[in-house]
Number of protein chains: 2
Amino acid sequence: MRILLVEDESQLLNAYVKGLKQDGYAIDTASDGASAVELCEINTYDLVVLDINLPKLNGIEVLKQVRTLNKSVKIIIVSANRSIEQRIEGLDLGANDYLTKPFDFQELRARIRALLRRDFISQPKVLSINDFNIDLNLHQITYQGKMILLTLKEYTILTYLIQNRERIISSEELLEKCWNDEADPFSEAMRVHIYALRKKIQEATQRDDVIQTVKGVGYRFNP
Amino acid sequence: MRILLVEDESQLLNAYVKGLKQDGYAIDTASDGASAVELCEINTYDLVVLDINLPKLNGIEVLKQVRTLNKSVKIIIVSANRSIEQRIEGLDLGANDYLTKPFDFQELRARIRALLRRDFISQPKVLSINDFNIDLNLHQITYQGKMILLTLKEYTILTYLIQNRERIISSEELLEKCWNDEADPFSEAMRVHIYALRKKIQEATQRDDVIQTVKGVGYRFNP
DNA sequence: GCGTATATTAAGTTAATATTAAGCGAATTT
DNA sequence: AAATTCGCTTAATATTAACTTAATATACGC
């Protein structure tokens, strides 16, 4: 899942980035409205967190343009201004949720998860598929109760494959959803992660068909 | 857990601060209504203790604004005026509890704990997890009956990790919940405390996996 | 079998965390 | 009030783990 954070207070921004990366999202950032819109023209985000009080381009205007560019992206508006009017206007213009500053980071986290949930097969914080058990809180994946120790990137990839296990995921999509802007599209890094993942999964499950390769198409989680 | 104390009698204020810091809360203070609201705009508190009889901005007005800013914060109103009317009004406006002056500090302490309790797994004053025993009253942590001598900050951190042991806690969250306003967000101080904590825990338990590191994500208490 | 897509390794780079020692200031003691 | 202690923070360095790169090997469809 890929998220764009638009926020001009850089300190706040950094905190969000870190927190959300830990949840396995690929994060891009913009600190003003113009570059936010630019990024949305280039990339396809699943969700945008948009601070309404922005330099250069008014937040409401950014909201309109982003929504025009991408009808399905989820947008969470953040604002220090608690006037109800603005709140309504924001939702009318196509925002999906609204948060008033200051808010607890856990609150943001919960709402993001809630909004992205619809795209997933399963919604809760813990999903069980056959002998696999994924705890989204603990970043923990177990097989028959046995823990599979994964790095952050491995966890991100596997979670994405699992949450979209009804489809075959192309390398391009995996790259797009699990890496951010700076990722080199020609890099082989992803394959190395897949390899490491398979190794760890094989060790834990004695199976080596859990991540299937569909040549020329992509990868697929096979529970 | 982070608390804002709003009280214009500075002597009383200092006493509260000291007492509550002892309990491991991160404490900010304000001595008038205007600055209380300002602080709530900047920071996310878990709880606010609000004296209703305030200079500059009427306490009830402060209450309204604080509640508007943050729906989930717990608010305890303190007042010398025990008129039932005001009491009702306060609770109607979104306060969670009410104390009439003069009151015993232990009373305040108990109510704060009661209100913050819901965020925790376990509510009682003493929690036992495996061989660990945490007495929130005595600020004492023991392992197999053996006392682990901790400084205040160490106790605060460990208690937070223990009370949220079902999640991985990022450094950002730890900083947010265990330090107050003056904390430098780029400080490495927390890591030093973690180090000291681990050392003491290792000494007492002979185990060194009690505070686990999940690289790129955070820390976790592993009982 | 040929060519392309993917897998496998090992080595290199970067980022995150751990460790250590020194400094500072508040509180306590003498 | 000087000296001492203690807890907390700072800063510099070390260590570790994660991630990427790059080079080579294998597999698979045509």
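Each chain gets a letter, A, B and so on, in the order the sequences are listed, and its residues count up from 1. The structure presented is a predicted model; accordingly, all values stated were derived computationally and were not measured.
One can place CZ of R191(A) at 9 Å from P of dA5(C), the figure rounded to the nearest angstrom. The CD atom of E188(A) sits 9 Å away from the P atom of dT6(C) (whole-angstrom rounding).
Evaluation of the ring-ring contact (aromatic ring centres under 6.0 Å, His included) rule for F105(A) yields no partner, not counting sequence neighbours. Under the salt bridge (Lys or Arg N to Asp or Glu O under 4.0 Å) criterion, K177(A) pairs with D46(A), not counting sequence neighbours. Residues forming a salt bridge (Lys or Arg N to Asp or Glu O under 4.0 Å) with K153(B) (at least two apart in sequence, or on another chain): none. E9(A) pairs by the salt bridge (Lys or Arg N to Asp or Glu O under 4.0 Å) definition with K101(A), not counting sequence neighbours.
Using modelled atom types, one side-chain atom of D32(B) and one backbone atom of S35(B) make a donor-acceptor pair closer than 3.5 Å.
Proximity of residues 192-206 of chain B to DNA chain D (heavy atom under 4.0 angstrom from any strand atom) is restricted to V192(B), H193(B). Within residues 209-218 of chain A, the residues having any heavy atom under 4.0 Å from DNA chain D are, by residue number, K215(A). Residues from residues 168-178 of chain A with heavy atoms under 4.0 angstrom of DNA chain C: there are none.
Using a 4.0 Å cut-off between charged nitrogen and carboxylate oxygen, E203(B) and K199(B) do not count as a salt-bridge pair.
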Nucleotides 11-13 of chain C: which of its N/O atoms have a protein N/O under 3.5 Å away?
none

Pull out every protein N or O sitting under 3.5 Å from an N or O of nucleotides 27-29 of chain C, one pair per line with the distance.
none

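Residues F221(A) and L158(A) approach most closely at CD1-CD1, 4.2 Å, considering heavy atoms. Among all heavy-atom pairs drawn from I162(B) and R165(B), the shortest one is O-NH1, 2.9 Å. When every heavy atom of I148(A) is checked against every heavy atom of F132(A), the shortest pair comes out as CD1-CE2, 4.4 Å.
With the nearest nucleotide of DNA chain D identified for both D184(A) and A189(B), A189(B) has the one nearer the 5' end.
When the side-chain nitrogen and oxygen atoms of W179(A) are compared with OP1 and OP2 of dC19(D), none of them lie within a distance under 4.0 Å. In this structure, T151(A) reaches the dC19(D) phosphate: one of its side-chain N or O atoms is under 4.0 Å from OP1 or OP2.
A donor-acceptor pair shorter than 3.5 Å can be found between the side chains of D131(A) and Q144(A). Remark: the Y160(A) side chain and the E173(A) side chain contain an N/O donor-acceptor pair separated by less than 3.5 Å.
Taking the screw axis at each terminus of the helix from dG1(C)-dC30(D) to dT30(C)-dA1(D) from five consecutive base pairs, the angle between the two is 20° to within rounding of 10 degrees.
Residues in residues 209-223 of chain B take part in these salt bridge (charged side-chain N to carboxylate O under 4.0 Å, His left out) pairs, two or more places apart or across chains: R207(B)-D209(B). Judged as a side chain to side chain donor-acceptor pair (under 3.5 Å), not a single pair has a partner in residues 12-22 of chain B (not counting sequence neighbours).
Distance from the side chain of S187(A) is smallest to dT21(D) among dT6(C), dA18(C), dT21(D).
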